[in-house]
Structures are given as structure tokens and as C-alpha cells.
Amino acid sequence: MTIYYSLTFLLLAAEMVTFTGLVTPFPFVVRKRVFTFLSQSPIVAKVAYGIKISFIFVGILFFDALQRMFRITAESDLAKNQQSMGDVRTETSFAARKFYAQRNVYLTGFTLFLSLVLTRTFAINLDLIHTQEEYAKLKKASPSSDSGNFVHVANQYQLHAGKKAREYDALKAKFDSQSKEYNQLADKYNKVTGGKADKKKD
């Protein structure tokens, strides 16, 4: 295996380990700290930028390995049709070349595919963490908002009740004053006429 395919294999192994870490069910606090660090750290951003550049080269290797596999497959089929593979060495050579070409295609293809899976998994985990944080904030704010609404309604009720009580006291005082005036007028009328007039009682 050449040096660039060896590096591709190491990158694939690193992706597999990273994917295992992403899908491992860690506690929420640990996951929040890890994903916050990975999404906000400038060092991680630089490393991710370098890895993206390496994926461009992996993509070039993938298309090169794909073309090589098609070419070797075509040469092998042509040799079979021409019946020039009577030699065991020639047949073994074609089989080995075809195997290496297919291996390189699978290696680079899985590396590119897993990079897309990792990117999407990381984004989904970030969205999940943000959603859980928003849910926790709403859950904490809900009782306080309910209590705040209750206090507001209670205050409004007290103000309304106090207003009605003051209105009632004012009406009662007015009624008492009018009743006293009526009694006074009734007394004066009795003195003048010498009769008895009905008096309103409280």
C-alpha cells in the first residue's frame, strides 16, 4: 500500500473512532461541554479546515482508483476474450491488480462517505443539545411565569376589591348623611304640624 493510501486508511480509522465517540451516550453535561468546545475552539476549527483539504485529495484518489478499477476490469475481460490468460502468472497478476484497485476504491469511498456521516451526526448532536437547553430554560421559566401571573391577578383582584369597598363605604356614608337629614326634616315637620312623620331607619 502506497503512502497516500496508508494515510487514507489512518484517516478512515480516525473517523471510525470519532463516530463511535459521537454516538456514545455520554451524560448531557459531558456532551454539552465536549460539543461546545469542538464547535467554538479556534484550534479545532483550524484542524477541521486542514481535514477538509485532505478530503479533497481523498476525493481525487477515489476518482483515480475508480478509473483504474474500470481499466483493469476492461483489460481482464479483454484478455479472457482473447484467451491469452493461459499462464497462471498472468491470471494472478490481473487478479491482484483488480483486487488492489477495488480495495483502493472502497477505502477512499468509505472515507468520503464517513466524512459526510460525521458532519451530519455532529450537526444533529449540536441541534439536540441546543433543543435540550431551550427546553430546560422553558421548564424553569414556566413555574415562575405562572406564579408571576398569579401574583398579578391577585393584585388586580385586590385593587378591584378595594375600589368596590371604597365605593360601598362612600355610598353608605352618603346614605347615612341623607338619612340624618331626612330625620331632621321629619322632626321639624312634626314640630310645625304637631303630627308624627315616619322616619327611615338604618
Side-chain angles (χ1 to χ4, degrees), residues 1-78 92-153:
M1 187 182 293
T2 55
I3 183 64
Y4 39 85
Y5 285 116
S6 299
L7 294 176
T8 304
F9 176 75
L10 293 177
L11 183 61
L12 178 61
E15 287 178 343
M16 294 172 64
V17 173
T18 304
F19 180 76
T20 304
L22 290 178
V23 298
T24 302
F26 290 111
F28 175 74
V29 178
V30 177
R31 292 174 60 245
K32 179 182 177 181
R33 291 180 180 178
V34 171
F35 280 92
T36 302
F37 172 76
L38 292 177
S39 61
Q40 297 180 357
S41 176
I43 299 175
V44 176
K46 292 180 180 179
V47 173
Y49 181 75
I51 293 176
K52 289 179 181 178
I53 295 175
S54 66
F55 282 130
I56 296 175
F57 292 103
V58 173
I60 295 173
L61 291 175
F62 173 72
F63 287 109
D64 180 68
L66 194 63
Q67 292 178 357
R68 186 174 299 177
M69 185 186 68
F70 289 150
R71 186 176 66 251
I72 294 174
T73 302
E75 291 177 357
S76 177
D77 294 338
L78 182 61
T92 305
S93 176
F94 273 109
R97 289 173 60 191
K98 189 175 181 180
F99 169 76
Y100 291 144
Q102 291 176 350
R103 179 203 64 188
N104 295 334
V105 169
Y106 295 146
L107 178 62
T108 54
F110 281 135
T111 303
L112 293 175
F113 177 74
L114 193 55
S115 67
L116 298 176
V117 173
L118 282 176
T119 303
R120 187 57 184 163
T121 305
F122 185 78
I124 291 174
N125 282 326
L126 277 180
D127 292 338
L128 180 61
I129 290 173
H130 292 325
T131 303
Q132 289 177 345
E133 289 178 350
E134 293 296 330
Y135 175 75
K137 290 180 181 179
L138 291 175
K139 191 174 181 181
K140 290 180 180 179
S142 179
S144 61
S145 62
D146 293 340
S147 62
N149 292 329
F150 176 77
V151 172
H152 179 70
V153 171

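Just so you know, these numbers use all the heavy atoms, side chains as well, and skip hydrogens, waters and symmetry mates.
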Can you see which heavy atom on Gly59 is nearest to which on Leu112, and at what distance? CA-CD1, 3.7 Å
Checking side-chain contact (heavy atoms from CB on, under 4.5 Å) against Arg120, which of Leu118, Ile124, Val117 comes through? Ile124
Looking at side-chain heavy atoms only, is the closest gap between Tyr100 and Arg103 below 4.5 Å? yes
If you measure from CD on Gln102 to CG on Leu66, what distance do you get to the nearest 0.5 Å? 11.0 Å
Interatomic distance, Glu133 atom CD to Leu128 atom CG [nearest 0.5 angstrom]: 10.0 Å
Got more than 12 heavy atoms from elsewhere within 6.0 Å of CZ, Phe113? no
Do Leu12 and Glu15 have side chains that approach each other closer than 4.5 Å (heavy atoms only, starting at C-beta)? yes
Closest contact, heavy atoms only, Asn104 versus Ala65: CB-CB, 3.8 Å
Hey, could you give me the CG/OG1 distance between Leu126 and Thr121, rounded to the nearest 0.5 Å? 11.0 Å
Surrounding CD1 of Ile43 (heavy atoms of other residues, nucleotides or ligands, distance under 6.0 Å), is the total greater than 12? no
Is the shortest heavy-atom distance from the side chain of Lys32 to the side chain of Gln132 under 4.5 Å? no
Please list all pairs meeting ring-ring contact (aromatic ring centres under 6.0 Å, His included) that have one or both residues in residues 42-73, counting only residues at least two apart or in different chains. none
If I compare all heavy atoms of Ile72 with all of Arg97, which pair ends up nearest, and what's the gap? CD1-O, 3.5 Å
Would Val34 and Phe26 count as a side chain to side chain contact (heavy atoms under 4.5 Å, CB included) here? Give the steps. CA-CA 10 Å; Val34 171; Phe26 290 111; over 6 Å; no
Close side-chain approach of Thr111 to Phe9, heavy-atom, < 4.5 Å: no
Could you grab the distance from atom CZ of Phe110 to atom CE of Met16, nearest 0.5 Å is fine? 10.0 Å
Between the side chain of Ser54 and the main-chain N/O of Ile51, is any donor-acceptor distance below 3.5 Å? yes
Under the salt bridge (charged side-chain N to carboxylate O under 4.0 Å, His left out) test, which residues partner Arg31, sequence neighbours left out? none
For the student: nearest non-hydrogen atoms of Leu61 and Tyr5, plus distance: O-OH, 3.9 Å
List for me each residue that meets ring-ring contact (aromatic ring centres under 6.0 Å, His included) alongside Phe35, sequence neighbours excluded, and say none if there are none. Phe122
